[in-house]
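Worksheet: the structure to be examined is printed underneath.
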Protein chains: 2
Amino acid sequence: MTVGETLGNRARVRAAIEAAVNAGARVIVLPELANSGYMFADLAELRTVAESATGPSVREWELLAQEHDLVIVAGFAEAGDDGLIYNSAVLVDKTGLRAVYRKVHLWDHEKGNLFTAGSAAPPVVDTAWGRIGVAICYDLEFPEWVRSAALDGAELLCCPVNWPLYPRPAGERPSEIVKVQANAAVNRMFIAVADRTGLERGQHWLGGSVIVDADGFPLTRITLGEETMLLADINLAKARAKGISARNDVHADRRPSLYTRVTDS
Amino acid sequence: MTVGETLGNRARVRAAIEAAVNAGARVIVLPELANSGYMFADLAELRTVAESATGPSVREWELLAQEHDLVIVAGFAEAGDDGLIYNSAVLVDKTGLRAVYRKVHLWDHEKGNLFTAGSAAPPVVDTAWGRIGVAICYDLEFPEWVRSAALDGAELLCCPVNWPLYPRPAGERPSEIVKVQANAAVNRMFIAVADRTGLERGQHWLGGSVIVDADGFPLTRITLGEETMLLADINLAKARAKGISARNDVHADRRPSLYTRVTDS
């Protein structure tokens with residue numbers, strides 16, 4: 001995606017969705033700020049690409065979802081009715097717009113006079129293809145937040161991300177993916193992550209898209225840095241079975257009355 | 001360790017501590033139920049190996065800590081004053097017993113008329129060697145619990161564990177270690193795990209001991225299944241610096257007022 005090339009970006013997203021449909025996908029996850037690029041020069045530039053949740057990008061995704069009976073989760077720069085800009089993601093299905101989620105944990109220069117943080121819980125939506133939650137990028141580094149979606153019954157968490165490329169020790173999987181694996185395993189919930197790739201205005205992206213199963217293991221190749229489409233067949237019944245031993249259940253074993261430290265301000 | 005061979009087990013633990021001291025260790029972590037074995041036939045057998053926190057095992061560890069200026073974190077079956085048995089760990093240093101922690105999240109047959117679950121927070125203790133927290137095995141699969149210790153200032157979390165060996169996909173690191181890595185990274189806290197190894201009454205153990213840095217990467221080889229001593233030099237200042245970008249801090253970025261779902265009972 002290239003900042004500012006709104007129509008070209010929208011067409012590329014549409015082509016990616018159609019390619020996924022042709023490959024058999026019914027739940028499709030696109031990156032954070034999928035239709036706009038990420039490396040905005042300033043708020044003025046960001047405003048030129050922001051759209052409302054009833055704007056042309058979301059409308060196009062709704063029509064595609066209706067035509068092909070899809071669930072699409074995609075990130076976009078949301079122009080709020082309040083005049084503020086949010087780093088948001090929608091969940092649309094064949095019935096239209098089901099949820100708009102505004103990223104709660106903002107990353108670095110998103111905070112620098114660009115985006116306003118959301119303050120509503122991650123949505124969890126019953127769809128024809130399962131009970132699906134939404135979280136965005138840095139949200140995944142707050143296990144409390146992922147837990148909220150899982151406790152609300154998400155069987156699959158769909159996560160638009162833009163992961164900057166950082167150095168890591170030789171042979172080590174990127175920490176962002178390790179956190180996704182752990183989030184999945186401790187909740188017995190599938191997680192599908194769509195990342196950005198390539199180089200944008202000096203920023204290299206990890207390209208770490210992955211689909212992780214309810215045991216926390218990747219169902220797809222780790223294709224770091226490649227522009228790719230990852231596909232997996234998922235049996236969400238596995239995410240509804242929270243038992244992991246004769247006497248253990250990852251959610252029932254929680255001791256919520258002891259976790260008050262986590263909500264201390 | 002062999003269930004029932006109390007004196008022999010205690011001598012083996014002592015020998016392991018002395019070997020670590022000779023290798024230069026000053027903070028030493030031993031496995032869960034380090035001095036007793038784990039696969040108890042029943043409560044009657046468990047009672048034969050349980051000791052109070054002022055019993056001979058803890059007393060021996062206190063004397064070793066005093067002699068060599070150590071911090072020792074070790075698991076043992078605790079005979080409580082209330083007549084109940086806890087799956088506990090102590091933290092001792094040169095001044096004596098600093099904390100007794102009773103495992104809060106019990107695993108499988110521990111619940112089967114053997115151990116009683118604790119209900120106190122993971123202790124975090126200021127020692128000559130840093131601010132050190134304690135959690136035990138399955139506790140690590142509850143990120144809320146690890147977060148509690150991190151928010152209380154733990155720079156290093158010392159974790160006695162007994163990880164049963166489970167199958168995993170080829171080429172994948174054990175899920176237990178992935179969770180430790182994620183817990184470390186999301187808190188910028190070091191974690192040292194001492195696991196059991198070998199075969200005990202039909203149960204194969206993972207032998208997944210590891211020391212993980214504040215970025216969530218292993219500082220030690222992953223020596224699955226080996227009886228081994230892992231050593232790492234740790235600079236705890238790294239754990240006191242929670243910043244991860246110009247504008248991000250893994251703890252300050254939390255939104256605790258939004259995390260109330262996690263404490264819902």
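In what follows, every heavy atom counts, from backbone to side chain, and hydrogens, waters and symmetry copies are set aside. Residue numbers begin at 1 in each chain, while the letters A, B, ... track the order of the sequences.
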For B/Ile244, which atoms come within 4.5 Å of any heavy atom of chain A: side chain, backbone, both, or neither? both
Is chain A contacted by the side chain of B/Asp108, its backbone, both, or neither, given a heavy-atom distance below 4.5 Å? both
Exam field: side chain B/Lys111 to backbone A/Arg247, donor-acceptor pair closer than 3.5 Å: yes
Has the side chain of B/Arg255 got a donor or acceptor atom that lies under 3.5 Å from a matching backbone atom of A/Trp145? no
What distance separates A/Leu258 CG from B/His105 NE2, expressed to the nearest 0.5 Å? 7.0 Å
Checked B/Val250, B/Thr263, B/Asn183, B/Leu106 vs chain A; the most non-hydrogen pairs under 4.5 Å come from B/Thr263
Residues B/Ser148 and A/Val262: closest non-hydrogen pair is OG-CG2, 4.3 Å
Neighbour count above 12 (heavy atom, 6.0 Å) for B/Asp233 CG: no
Using a cut-off of 6.0 Å, state whether more than 12 heavy atoms not belonging to B/Asp81 lie near its atom CG. no
At a heavy-atom separation under 4.5 Å, does A/Asp253 approach chain B through its side chain, its backbone, both, or neither? both
Within residues 150-157 of chain B, which positions have a heavy-atom distance to chain A below 4.5 Å? B/Leu151, B/Asp152
With a 4.5 angstrom heavy-atom cut-off, could you sort out which part of A/Arg254 is near chain B: side chain, backbone, both or neither? both
For chain B, which candidate among A/Ala246, A/Ser265, A/Pro169 shows the most heavy-atom pairs at distances under 4.5 Å? A/Pro169
Interatomic spacing from CZ in B/Arg147 to CZ in A/Phe142 - rounded to 0.5 Å: 6.5 Å
For chain A, the option from B/Pro164, B/Pro143, B/Ala185 that forms the most heavy-atom pairs under 4.5 Å: B/Pro143
Return the CD1 to CD distance between B/Ile177 and A/Gln181, rounded to the nearest 0.5 Å. 12.0 Å
Begin with the C-alpha distance, continue with both residues' side-chain angles, and end with the deciding distance and a verdict on side-chain contact (heavy atoms from CB on, under 4.5 Å) for B/Lys179 and A/Val186. CA-CA 8 Å; B/Lys179 291 167 196 162; A/Val186 300; 4.0 Å; yes
Looking at A/Ser175, A/Ser245, A/Pro218, which makes the most heavy-atom pairs under 4.5 Å with chain B? A/Ser245
What part of B/Asp139 gets closer than 4.5 Å to chain A, counting heavy atoms only: side chain, backbone, both or neither? neither
Working to the nearest 0.5 Å, report the span between CZ of A/Arg173 and CZ of B/Phe217. 12.0 Å
